[in-house]
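First up is the structure itself, then whatever we jot down about it.
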Amino acid sequence: MYKILVVDDEKDIVRAIEIYLKSENYQVLKAYNGEEALEVMADCDVDLAIVDIMMPGVDGIELTRIIREKSDMPIIILSAKSELSDKVLGLNTGADDYITKPFDAVELLARVRSCLRRIQRNASPDLNREGVYFSKRIIVDDNKKEVLVDGDEVKLTPYEYGILLLLIKNKGCVYSSEEIYENVWEAPAYDVKKIVSVHISRLRNKIEINPRKPDQLTSVYGMGYKLEE
C-alpha cells in the first residue's frame, strides 16, 4: 500500500483529497503546513507527496526544495495559481507534476497513478537499450514497436506511432504540420494541417491524462507540435 502525504493548510481540501485517495486504497498521511510535513516524513516512509504552494511558514516551493535535497520521491504541486511562472517555478524546484485548483478528482488520481508508475519505469533496465525512448509517462520501444503509457501498453495506428516516434526521438523540438507529414507519411506536404491535426488529436486521446489540457504532446501556436522533455 502506497503512503501518500497530503500537505495543505485548507483542511477541507486535505479531507477531500484523503477521500479520493482512500477510494483507491492508498494510505493517507496529512499535514497542514510545511513544518508538520517534515515531521511526518521524519517518522514515516512516504512514497509520494501532494503539496500546496501557498502555506504559512514553509511554503510548498520551499518544502519541495527541502524534500528534493533528501529524496527523489514524486511530488505533485497543488495550487490555486494557474500562471505559467508558478508552474515553472514548482517544476524547476523539483516537483514532478502540477495541478491547479479547483481540480478534478479523476485527473488527480490519474496523475498520482502516473507518478507512482514512473518509479517503476525509472528502474527499468529496458530504458538503457538502443531504440528505447521515453518522455515523462511514455516509453516507446521501437525494437518491439511497443508504446507504454504509465506502464500500460497503448495501441496506436501506424501514423500515430510514426508521429509519436518522431517527436519522442526529438524531445523539445517543434515540428510543423508539414514537417510531420513529410517525415511520417513520406510524401510531399500540401494542405496537410487538418490531416495532421486529426491524428494529433487521436494520439492525445491515447497518451494524455487530460487530452483537453495536454501536458505531453503540446502545441506551439503558429509553429507546430512538440513532445515535452
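In this chain, residues are counted from 1 in sequence order.
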- The reported gap from CD in E208 to CG in L203 (rounded to nearest 0.5 angstrom) is 8.5 Å

- Message: Salt bridge or not between R113 and D152? Use side-chain N to carboxylate O under 4.0 Å.
- Response: no

- Message: Can a donor-acceptor pair be found, under 3.5 Å and without considering hydrogens, that links the side chain of R68 to the backbone of S71?
- Response: yes

- Cluster link V149 to V140, ILVMFWY, side chain under 4.5 Å: yes

- Between N210, D96, D215, which is the residue that forms a side-chain hydrogen bond (donor to acceptor under 3.5 Å, both in side chains) with R111? D215

- Task: Name the orientation class of the two ring planes belonging to F103 and Y20 (parallel below 30°, tilted from 30 to 60°, perpendicular beyond 60°).
- Result: perpendicular

- Return yes if some donor-acceptor pair links the side-chain N/O of S177 with the main-chain N/O of K194 below 3.5 Å, else return no. no

- Message: Could you measure the distance from the CD1 atom of I138 to the CG atom of L167? Nearest 0.5 Å is fine.
- Response: 9.5 Å

- Task: State whether a side-chain donor-acceptor pair under 3.5 Å links Y181 with D191.
- Result: no

- Treat each ILVMFWY residue as a node, draw an edge where side-chain heavy atoms are under 4.5 Å apart, and state whether L217 and V174 are in one component. no

- Could you walk me through whether K144 and E153 pass salt bridge (charged side-chain N to carboxylate O under 4.0 Å, His left out), step by step? CA-CA 12 Å; K144 300 178 181 178; E153 186 172 0; over 6 Å; no

- Task: Look only at the side chain of S201 and the backbone of S197, and say whether a donor-acceptor pair between them is shorter than 3.5 Å.
- Result: no

- How many angstroms lie between atom CE of M73 and atom CD1 of I67, to the nearest 0.5 angstrom? 4.0 Å

